[in-house]
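Throughout, a chain's letter reflects where its sequence line sits, starting with A, and its residues are numbered from 1. Side-chain atoms are counted along with the backbone in the values below, which use heavy atoms only and exclude waters and symmetry mates.
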Amino acid sequence: MDVSHLLNQLNDAQREAVTTQSKHTLVLAGAGSGKTRVLIHRLAWLIQVEHVSPLSILAVTFTNKAAGEMRERAQDLLKVSTRPLWIGTFHGIAHRLLRMHWQEAGLNENFQILDSDDQHRVLRRLIKEEGMDENQWPARQAQWYINARKDEGQRPPSIEHMDHPITAQWVRIYELYEAYCNRAGLVDFAELLLRAHELWLHNPSLLEHYRNRLGHLLVDEFQDTNSIQYAWIRMLAGDSGSVLVVGDDDQSIYGWRGAQVANVQHFRRDFADVQTLKLEQNYRSTGTILEGANALIANNEDRMGKKLWTAGEMGQPITLYSAFNEQDEARFVVEQIEQWLGKGRRAEEVAIVYRTTAQSRLFEEYLLKASIAYRVYGGLRFFERAEIKDALAYLRLIQNPNDDAAIERVINTPNRGIGQKTLAVLRLQARASSLPLWQAAQECIRQNLLPPRALAAIHAFMQMITDMRERMGDWTLGNQMQGVIEDSQLVSHYEKEPREKMESRVENLRELVNAADAFILPAEDEEAGMSELQSFLSHAALEAGETQGEAWDDCVQLMTLHSAKGLEFPLVFIAGMEDGLFPHKRSVTEAGGRLEEERRLCYVGMTRAREQLCLSYAEIRRMYGSESHSRPSRFLDEIPSELIREVRPRMQVQRPWVGPKAPVYKQATSRINQGWPFQLGESVNHRKFGAGTVVSFEGSGEHARVQVNFHQAGAKWLVLAYANLERAG
DNA sequence: TCCATTGACGTTTTT
DNA sequence: CGTCAATGGA
């Protein structure tokens with residue numbers, strides 16, 4: 001068979017990875033080196049050349065987006081349906097396994113997925129109910145503790161805590177939480193993975209079945225795997241399976257949530273006959289950007305070692321702007337974007353990235369002022385919105401009345417006169433009898449344990465849910481959704497809120513009905529024995545939707561460094577490069593390689609840029625209400641200075657006598673600059689003073705003056721009309 | 001039950 | 001400085 005279509009667009013290293021004959025392969029793929037391409041071509045190679053059945057291939061990713069992209073690109077390349085292929089996220093695949101084998105996994109047939117918001121609520125309540133001090137045992141920390149244990153594969157009994165009263169208490173919370181979830185048929189994200197692992201661990205014949213079936217495993221972003229994911233892969237591979245993992249130890253930025261970079265090393269140790277390949281040719285960035293990134297990351301110890309190179313040009317120097325304060329920084333960045341747009345480039349080619357989410361605000365403000373469209377990544381997603389979760393909770397109850405988290409959410413939403421007091425009795429009853437709330441409520445009614453008014457309210461609520469289930473059983477999903485929203489009177493409940501909020505909520509509910517209407521039960525969910533409703537609810541939890549639905553048009557992208565991973569843009573700004581902010585001070589003080597992870601984060605950020613990288617920091621930043629001075633980020637010192645062009649040499653260091661800084665910069669807004677022969681930051685030449693950088697403007701018309709910071713002569717104010725400045729080449 | 005005021009807190013986030 | 005949640009008064 002002619003395989004040239006699979007190989008002729010690949011470089012040597014990529015080709016070697018795609019055609020590898022080793023049993024196991026570790027592909028260390030640098031940023032922009034074509035790792036997804038390798039993964040997809042390997043997939044095609046296995047099927048078309050090695051005639052591996054598509055049924056025996058499992059490809060795992062971390063995000064739904066990556067999984068979707070992989071399926072789509074594989075489809076394009078293979079020109080046949082990718083339906084039989086198992087492509088999905090770790091969580092998605094674990095979920096599917098658990099649906100298919102819910103009995104063996106010890107689960108309720110109608111188990112529901114608990115998202116992290118649900119999980120938090122549940123824990124907060126359990127801790128309160130247990131009479132523990134919420135300040136001493138915060139739900140956030142409990143959540144973190146439990147998830148971390150699950151990520152390590154640990155159940156309460158296996159945790160050593162004899163001599164640690166504090167650990168013992170966390171374990172106690174873990175136990176309570178576990179019992180609660182089991183009663184209510186709830187499974188959180190970490191539990192999906194742990195259960196899937198235990199499913200095989202406790203059912204050898206089932207494991208054997210999957211080992212026989214899935215002989216070829218492909219794993220993306222391997223450096224992000226946690227312990228349980230790694231154990232899961234190892235278990236599935238067994239002695240016979242063949243595994244190819246792709247990852248980049250230099251891009252490991254999720255250590256703080258359990259990712260083990262060490263898995264990359266362990267892979268070579270734990271699997272026999274591992275061929276390690278490096279993809280170092282970069283197809284994305286200019287030589288300058290790569291050199292800078294290489295130099296930076298070289299400061300990390302414990303690397304597997306990689307050096308990106310490009311056959312392309314060196315390109316422009318990395319620019320560095322030292323802003324007076326965060327306002328000045330935002331102003332500068334937006335001004336640069338205006339220039340970019342002025343050159344006829346597109347806004348969508350530009351990304352502003354930063355360390356903390358709070359930093360987006362100022363940029364938004366300035367972009368708004370400049371009428372430049374933008375889109376902020378992150379934030380609340382569609383299925384995480386309160387009104388959506390409320391409506392879904394009713395559906396969840398139709399599906400499984402024992403879903404305590406759903407009951408708690410909507411039993412008094414909208415208000416039905418079931419207040420905290422009534423609820424407390426129900427919870428007490430539930431705890432005392434180890435029953436789900438629904439059954440405890442039935443018990444309360446039977447035994448008259450509450451005042452008549454409360455009993456009537458509870459009864460009415462339960463009747464409503466039961467009616468919904470009976471009446472809507474055979475309705476379409478969209479009609480069920482609509483029916484639930486109507487019967488629950490959620491809309492009139494939200495109508496009491498302030499108009500703007502209310503309108504968006506009602507609009508979102510309408511959108512939810514549309515989504516339910518448009519939902520088609522995926523074939524693989526059907527195969528796993530899921531109903532349409534079950535599938536819809538699971539999808540809502542597992543893929544909460546795009547971060548921001550609209551605005552796919554031409555707009556500037558704002559995001560944290562973390563969410564920038566995997567993306568690329570011609571022009572990238574990394575803002576807030578100050579010690580304490582980036583690297584963040586909490587990672588500097590904490591031990592355990594946190595600083596190295598910050599450096600990798602910087603590396604990730606830099607390697608997002610294709611043509612131009614622009615770094616900036618503010619000497620003074622207003623944070624938490626007070627002003628703080630900080631040193632420029634230490635990472636800036638790690639980038640060779642010959643690669644950097646300082647847009648504005650720090651004049652207050654060179655020329656302390658120049659005077660008050662603030663008014664000087666304040667005038668240099670984009671509006672005033674329009675029609676000026678020079679841009680702020682532009683390099684100019686003067687016949688007498690030599691080379692310098694335009695630093696500020698003042699006045700207009702024939703009185704217009706420009707401040708230039710000359711490399712030799714220092715800062716000077718010049719009247720434009722007489723100065724005879726030339727643009728530097 | 002609802003709204004307003006007060007107080008603590010302030011990396012990074014997908015599933 | 002802003003946000004969010006908890007508290008307390010009407």
Side-chain angles (χ1 to χ4, degrees), chain A residues 60-67 88-95 113-121 124 128 134-135 138-140 143-144 147 150-151 187-194 196 221 224-226 228-229 252-259 326 353-362 377-381 383-384 386 412-422 493 496-498 538-547 559-566 576 580-590 594 597-598 600-602 604-605 621-628:
Chain A
V60 222
T61 63
F62 275 85
T63 65
N64 292 299
K65 195 174 153 213
T89 63
F90 277 101
H91 295 268
I93 288 162
H95 172 248
I113 299 169
L114 212 60
D115 70 19
S116 55
D117 180 55
D118 295 333
Q119 187 186 35
H120 183 246
R121 286 157 179 273
R124 205 174 48 185
K128 206 184 277 182
E134 289 171 86
N135 295 316
R140 281 258 160 265
Q143 195 177 5
W144 180 87
N147 290 339
K150 289 189 178 181
D151 286 347
V187 172
D188 63 46
F189 290 132
E191 183 77 20
L192 286 171
L193 302 175
L194 182 51
E221 304 278 17
D224 288 339
T225 50
N226 63 29
I228 195 76
Q229 286 160 339
S252 161
I253 57 174
Y254 286 110
W256 52 274
R257 64 175 199 213
E326 77 282 358
V353 301
Y354 34 77
R355 179 66 239 266
T356 66
T357 41
Q359 285 168 263
S360 74
R361 178 181 284 146
L362 258 188
Y377 282 60
L380 258 201
R381 291 132 97 223
F383 285 100
E384 287 168 354
N412 204 32
T413 314
N415 298 353
R416 319 188 155 83
I418 305 176
Q420 285 307 308
K421 237 179 76 197
T422 309
H493 173 245
K496 291 174 200 149
E497 293 193 352
S538 301
H539 276 267
L542 284 176
E543 38 201 293
E546 268 301 325
T547 43
M559 66 194 84
T560 63
L561 284 150
H562 281 92
S563 36
K565 193 168 80 148
L581 184 60
F582 188 34
H584 198 276
K585 62 173 180 292
R586 303 213 5 192
S587 26
V588 178
T589 43
E590 277 172 44
R594 284 273 167 263
E597 186 158 304
E598 293 282 302
R600 292 195 289 265
L601 198 52
C602 187
V604 166
R621 184 176 294 273
R622 211 175 168 76
M623 247 186 143
Y624 309 143
S626 55
E627 290 194 325
S628 64

Checklist line | A:Gln143 versus A:Asp188, side-chain donor and acceptor atoms under 3.5 Å | finding: no
Margin query: Do A:Asp151 and A:Arg257 have side chains that approach each other closer than 4.5 Å (heavy atoms only, starting at C-beta)?
Written below: no
Note to self: Heavy-atom nearest nucleotide on DNA chain B for A:Ala358 versus A:Asn135: which residue maps closer to 5'?
What the structure shows: A:Asn135
Notebook entry, point to check: Can you tell me if the side-chain N/O atoms of A:Asn64 get under 4.0 Å from OP1 or OP2 in B:dT14?
Noted result: no
Next item on the list: Round to the nearest Å and state the distance from A:Met623 atom CE to B:dG10 atom C1'.
Entry: 8 Å
Next item on the list: Establish, with yes or no, whether the OP1 or OP2 oxygen of B:dT11 is under 4.0 angstrom from a side-chain nitrogen or oxygen of A:Tyr624.
Entry: yes
Notebook entry, point to check: Is there ring stacking between A:His562 and B:dT12, where the centres must be under 5.5 angstrom apart and the planes under 30 degrees?
Noted result: no
Check: Would a distance-only check, ignoring hydrogens and angles, find a side-chain to backbone donor-acceptor pair under 3.5 Å from A:Asp115 to A:Ala541?
Finding: no
Next item on the list: Could you tell me whether the side chain of A:Arg355 has a donor or acceptor atom within less than 3.5 Å of a complementary atom in the base of B:dT12?
Entry: yes
Next item on the list: Please answer whether the main-chain N or O of A:Phe62 pairs with a side-chain N or O of A:Glu221 as donor and acceptor at a distance below 3.5 Å.
Entry: no
Check: Does A:Thr357 place a side-chain N or O at less than 4.0 Å from the phosphate oxygens OP1/OP2 of B:dT12?
Finding: yes
Check: Taking OP1 and OP2 of B:dT15, is either one under 4.0 Å from a side-chain nitrogen or oxygen of A:Arg381?
Finding: yes
Notebook entry, point to check: What are the two closest non-hydrogen atoms of A:Gly88 and A:Ala67, and how far apart are they?
Noted result: CA-CB, 3.9 Å
Using a cutoff of under 3.5 Å, can you pull out all pairs of nitrogen or oxygen atoms linking the protein to nucleotides 3-7 of chain B, with atom names and distances?
none

Next item on the list: Look at A:His584 and B:dT11 and indicate whether a side-chain polar atom (N or O) is within less than 4.0 Å of OP1 or OP2.
Entry: yes
Notebook entry, point to check: What orientation do A:Tyr254 and A:His562 show, parallel under 30°, tilted 30 to 60°, or perpendicular over 60°?
Noted result: tilted
Check: If only atom types and distance count, is the side chain of A:Ser628 paired as donor or acceptor with the main-chain N or O of A:Arg621 below 3.5 Å?
Finding: yes
Item checked: Torsion-based syn/anti label for B:dT11, 90° from 0 as limit -> syn
Note to self: For the C1' atoms, the ones on C:dA5 and on B:dT12, what distance do you get once it is rounded to whole angstrom?
What the structure shows: 22 Å
Item checked: Rounded interatomic separation in angstrom, taking NZ from A:Lys150 and P from B:dT15 -> 18 Å
Notebook entry, point to check: Under 5.5 Å between ring centres and under 30° between planes: true for A:Phe62 and the base of B:dT15?
Noted result: no
Margin query: Return the CD to CD1 distance between A:Glu191 and A:Ile113, rounded to the nearest 0.5 Å.
Written below: 11.5 Å
Note to self: Between A:Tyr354 and A:Leu561 (side chain of the first, backbone of the second, donor and acceptor by atom type, cut-off under 3.5 Å), is there such a pair?
What the structure shows: no
Next item on the list: For B:dC2, take OP1 and OP2 only and decide whether either is under 4.0 Å from a side-chain N or O of A:Asn415.
Entry: yes
Check: Atom CD1 of A:Ile93 and atom CG of A:Leu192: how far apart are they, to the nearest 0.5 Å?
Finding: 12.0 Å
Next item on the list: Would you kindly give the CG-to-C1' distance between A:Leu193 and B:dT14, to the nearest whole Å?
Entry: 11 Å
Checklist line | A:Arg124 bridged to A:Glu134 by N-O distance under 4.0 Å | finding: no
Next item on the list: Would you indicate which nucleotide in B:dT11, B:dT1, B:dT15 comes nearest to any side-chain atom of A:Ser116?
Entry: B:dT15
Item checked: Position toward the 5' end of DNA chain B (nearest nucleotide), A:Ile418 or A:Thr63 -> A:Ile418
Next item on the list: Heavy atoms of chain A, cut-off under 4.0 Å: which first and last nucleotide of DNA chain C, 5' to 3', fall inside that, if you could look?
Entry: C:dC1 to C:dA6
Margin query: Under 4.0 Å, counting only non-hydrogen atoms across every strand here, what does A:Arg124 touch: a base, just sugar-phosphate, or nothing?
Written below: sugar-phosphate
Check: Is any side-chain N or O of A:Arg257 closer than 4.0 Å to OP1 or OP2 of B:dT13?
Finding: no
Check: Looking across every strand, which nucleic acid part, if any, lies under 4.0 Å from A:Gln229 by heavy atom: base, sugar-phosphate, or nothing?
Finding: nothing
Next item on the list: Kindly say if A:Thr560 contacts the phosphate of B:dT13, meaning a side-chain N or O under 4.0 Å from OP1 or OP2.
Entry: yes
Next item on the list: Find the distance A:Asn412:CG to B:dC2:C1' and express it as a whole number of Å.
Entry: 13 Å
